[in-house]
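Inspection log for the structure reproduced underneath, given as structure tokens.
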2 protein chains.
Amino acid sequence: MDDLTEMLKGTLEGCVLEIIGGEETYGYAITRRLNDLGFADVVEGTVYTILLRLERNGLVRVTKRPSGMGPPRKFYALNDAGRAELARFWTKWEYLSSRIDKLREGGG
Amino acid sequence: MDDLTEMLKGTLEGCVLEIIGGEETYGYAITRRLNDLGFADVVEGTVYTILLRLERNGLVRVTKRPSGMGPPRKFYALNDAGRAELARFWTKWEYLSSRIDKLREGGG
DNA sequence: CTCAGTACTTTGTAACACCGAGTACCGCTA
DNA sequence: TAGCGGTACTCGGTGTTACAAAGTACTGAG
């Protein structure tokens with residue numbers, strides 16, 4: 001697949017929110033999950049910057065836990081503000097994708 | 001609708017390509033068309049920067065024509081490279097939206 | 001004890017949409 | 001004839017974002 005970088009702007013953060021909303025998890029695992037889902041080129045650095053942003057914006061609760069497989073992990077879970085932000089993300093995504101599909105179908 | 005700015009990154013240019021691909025047209029009209037299609041907050045300055053970029057990247061043919069209603073208009077039409085880029089855009093869009101929908105459906 | 005795998009951090013970069021202000025041409029009206 | 005609103009394009013600067021690159025650090029296997 002071609003480079004999706006620009007198209008991911010504004011949506012990748014929503015994807016991370018959705019993943020965290022599904023279960024409490026941590027950066028490294030989120031990166032693997034995104035890769036498995038087809039976002040093959042997303043790297044750790046990108047996910048960590050998003051996680052730091054979510055934390056800074058007060059959308060997540062963070063818990064540090066030891067790991068048997070390396071350094072301690074920072075687990076992320078959505079709080080109320082995070083769930084609200086996730087809902088807003090899906091509203092925007094639906095709006096955007098419906099407009100784009102309309103444009104394609106003859107709107108053009 | 002909330003602010004779509006970040007989500008439009010990487011897609012708005014594709015929308016402009018699609019509009020130009022439908023018929024030869026000019027910046028001011030493209031802005032109105034986008035506004036009518038639901039991209040209500042897109043302003044002229046944004047569209048013109050996209051058009052200049054398309055021109056710089058050799059994706060369009062530009063023709064200046066006088067207008068009965070103001071200053072001369074710069075009409076834009078896709079060339080071969082532009083049509084190829086438009087096709088790439090739709091491929092990427094389909095890929096992205098399918099992954100996002102999958103993520104939402106339980107992928108999360 | 002080196003190495004691969006796990007796991008997080010930090011600094012800097014490029015691309016994009018957007019903002020604000022400006023220029024300029026036109027038809028209408030007072 | 002002066003002003004105004006609508007049309008039409010340009011330009012410099014801003015903030016946000018995903019990404020690249022390099023580093024730190026812990027663990028278990030060979």
Side-chain angles (χ1 to χ4, degrees), chain A residues 1-17 25-35 39-57 59-60 62-76 85 89 92 96 99-100, chain B residues 1-17 25-35 39-57 59-60 62-76 85 89 92 96 99-100:
Chain A
M1 174 55 48
D2 269 5
D3 184 32
L4 288 179
T5 298
E6 293 307 324
M7 218 178 254
L8 284 177
K9 288 185 178 174
T11 69
L12 192 56
E13 180 178 311
C15 295
V16 172
L17 281 171
T25 182
Y26 58 99
Y28 190 80
I30 293 170
T31 308
R32 295 291 148 264
R33 185 105 189 75
L34 285 168
N35 294 153
F39 303 96
D41 298 334
V42 173
V43 295
E44 293 169 49
T46 300
V47 173
Y48 288 115
T49 52
I50 291 175
L51 291 173
L52 290 177
R53 192 160 72 232
L54 296 180
E55 189 175 357
R56 193 174 67 238
N57 293 345
L59 303 175
V60 289
V62 187
T63 316
K64 202 169 214 167
R65 298 212 187 92
S67 158
M69 296 290 290
R73 298 167 174 163
K74 282 177 73 178
F75 280 81
Y76 294 83
E85 181 61 30
F89 166 72
K92 289 202 283 185
L96 177 65
R99 303 299 141 153
I100 301 249
Chain B
M1 175 54 49
D2 270 4
D3 183 31
L4 287 179
T5 298
E6 294 307 325
M7 219 177 254
L8 284 177
K9 288 186 180 175
T11 68
L12 193 55
E13 179 179 310
C15 294
V16 171
L17 281 172
T25 181
Y26 57 98
Y28 190 80
I30 293 171
T31 308
R32 295 291 147 267
R33 184 105 189 76
L34 285 168
N35 295 152
F39 304 97
D41 297 334
V42 174
V43 295
E44 293 168 50
T46 299
V47 174
Y48 287 115
T49 52
I50 291 174
L51 290 172
L52 291 177
R53 193 163 68 232
L54 295 179
E55 188 175 358
R56 193 175 64 239
N57 294 344
L59 301 176
V60 289
V62 187
T63 315
K64 202 168 214 168
R65 299 215 187 89
S67 158
M69 295 292 288
R73 297 166 175 165
K74 283 177 73 178
F75 281 81
Y76 293 82
E85 181 61 29
F89 166 72
K92 291 202 283 185
L96 177 65
R99 303 298 142 154
I100 302 248

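A, B, ... follow the sequence lines: proteins, then strands. Residue 1 opens every chain.
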Practice item. Under 4.0 Å from any heavy atom of chain B: name the first and the last nucleotide of DNA chain D that qualifies, 5' to 3'. Key: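 So the contact region on DNA chain D extends D/dT7 to D/dT17.
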Practice item. Write down the atom of A/Val47, the atom of A/Gly27, and the distance for their closest heavy-atom approach. Key: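 Nearest heavy atoms, A/Val47 then A/Gly27: CG1-O, 3.9 Å.
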Find the distance [X]:[atom1] to [N]:[atom2] and express it as a whole number of Å.
{"X": "A/Leu54", "N": "C/dT9", "atom1": "CG", "atom2": "P", "answer": "13 Å"}
{"X": "B/Asp2", "N": "C/dC18", "atom1": "CG", "atom2": "P", "answer": "14 Å"}
{"X": "A/Arg33", "N": "C/dA7", "atom1": "CZ", "atom2": "P", "answer": "16 Å"}
{"X": "A/Ile30", "N": "C/dT9", "atom1": "CD1", "atom2": "P", "answer": "12 Å"}
{"X": "B/Ile50", "N": "C/dC18", "atom1": "CD1", "atom2": "P", "answer": "8 Å"}
{"X": "A/Glu13", "N": "C/dC16", "atom1": "CD", "atom2": "C1'", "answer": "16 Å"}
{"X": "A/Arg32", "N": "C/dC8", "atom1": "CZ", "atom2": "P", "answer": "11 Å"}

Dump the pairs, protein N or O against N or O of nucleotides 11-15 of chain C, anything under 3.5 Å, distances to one decimal.
residue: C/dA15; atom: N3; partner: A/Lys9; partner atom: NZ; Å: 3.0

Exercise for review: Please indicate whether A/Asp41 has more than 12 foreign heavy atoms, meaning atoms of other residues, nucleotides or ligands, lying under 6.0 Å from its CG.
Suggested key: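 No, because the 6.0 Å sphere around CG of A/Asp41 holds 12 heavy atoms or fewer from other groups.
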Provide a list of protein-nucleic acid N or O atom pairs under 3.5 angstrom, restricted to nucleotides 20-29 of chain C.
none

Do [X] and [Y] come within less than 4.5 Å of each other through their side chains, counting heavy atoms only?
{"X": "B/Tyr76", "Y": "B/Leu51", "result": "yes"}
{"X": "A/Val16", "Y": "A/Leu34", "result": "yes"}
{"X": "A/Leu96", "Y": "B/Phe39", "result": "yes"}

Review point. Short question: side chain of B/Tyr48, backbone of B/Val43 - any donor-acceptor pair under 3.5 Å?
Key: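 Here the side-chain-to-backbone pair does not exist.
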**Study point:** A/Arg65: salt bridge (charged side-chain N to carboxylate O under 4.0 Å, His left out) partners, not counting sequence neighbours
**Key:**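 Partners of A/Arg65 by the salt bridge (charged side-chain N to carboxylate O under 4.0 Å, His left out) criterion, ordered by chain and then number, come out as A/Glu24.
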Exercise for review: Only counting residues at least two apart or in another chain, list the ones meeting salt bridge (charged side-chain N to carboxylate O under 4.0 Å, His left out) with B/Lys74.
Suggested key: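 So B/Lys74 forms a salt bridge (charged side-chain N to carboxylate O under 4.0 Å, His left out) with B/Glu55.
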Reckon [X] touches a base, only the sugar-phosphate, or nothing at all at heavy-atom distances under 4.0 Å?
{"X": "A/Thr46", "answer": "base"}
{"X": "B/Glu44", "answer": "base"}
{"X": "A/Leu51", "answer": "nothing"}

**Study point:** Closest to the A/Leu52 side chain, choosing from C/dT10, C/dA7, C/dC18
**Key:**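 Of all the options, the side chain of A/Leu52 is nearest to C/dT10.
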Considering only distance and modelled atom types, tabulate donor-acceptor pairs under 3.5 Å from the side chains of residues 2-9 of chain A, sequence neighbours left out.
residue: A/Asp3; atom: OD1; partner: A/Thr5; partner atom: N; Å: 3.3
residue: A/Asp3; atom: OD1; partner: A/Thr5; partner atom: OG1; Å: 2.7
residue: A/Asp3; atom: OD2; partner: A/Thr5; partner atom: OG1; Å: 3.3
residue: A/Glu6; atom: OE1; partner: A/Lys9; partner atom: NZ; Å: 3.1
residue: A/Glu6; atom: OE2; partner: A/Lys9; partner atom: NZ; Å: 3.4

Review point. How do A/Asp3 and B/Arg73 order along DNA chain D: which one's closest nucleotide is nearer the 5' end?
Key: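 Its nucleotide being nearer the 5' end, the pick is B/Arg73.
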Check your understanding: Applying salt bridge (charged side-chain N to carboxylate O under 4.0 Å, His left out), which residue pairs with at least one partner in residues 44-53 of chain A are found, sequence neighbours left out?
Key ->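 Qualifying pairs: A/Glu13-A/Arg53, A/Arg32-A/Glu44.
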Exercise for review: Respond yes when some side-chain nitrogen or oxygen of A/Tyr48 is under 4.0 Å from OP1 or OP2 of C/dT9, and no when none is.
Suggested key: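 For C/dT9, neither OP1 nor OP2 has a side-chain N or O of A/Tyr48 closer than 4.0 Å.
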**Study point:** Under 4.0 angstrom between A/Lys64 side-chain N/O and C/dA7 OP1 or OP2
**Key:**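 No, outside the criterion.
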**Study point:** Qualifying residues under side-chain hydrogen bond (donor to acceptor under 3.5 Å, both in side chains), relative to A/Tyr26, sequence neighbours excluded
**Key:**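 So A/Tyr26 forms a side-chain hydrogen bond (donor to acceptor under 3.5 Å, both in side chains) with A/Arg73.
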Practice item. First locate atom CD1 of A/Ile50, then atom CG of A/Leu12, and finally report the distance between them rounded to the nearest 0.5 Å. Key: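 Here the rounded value is 4.0 Å.
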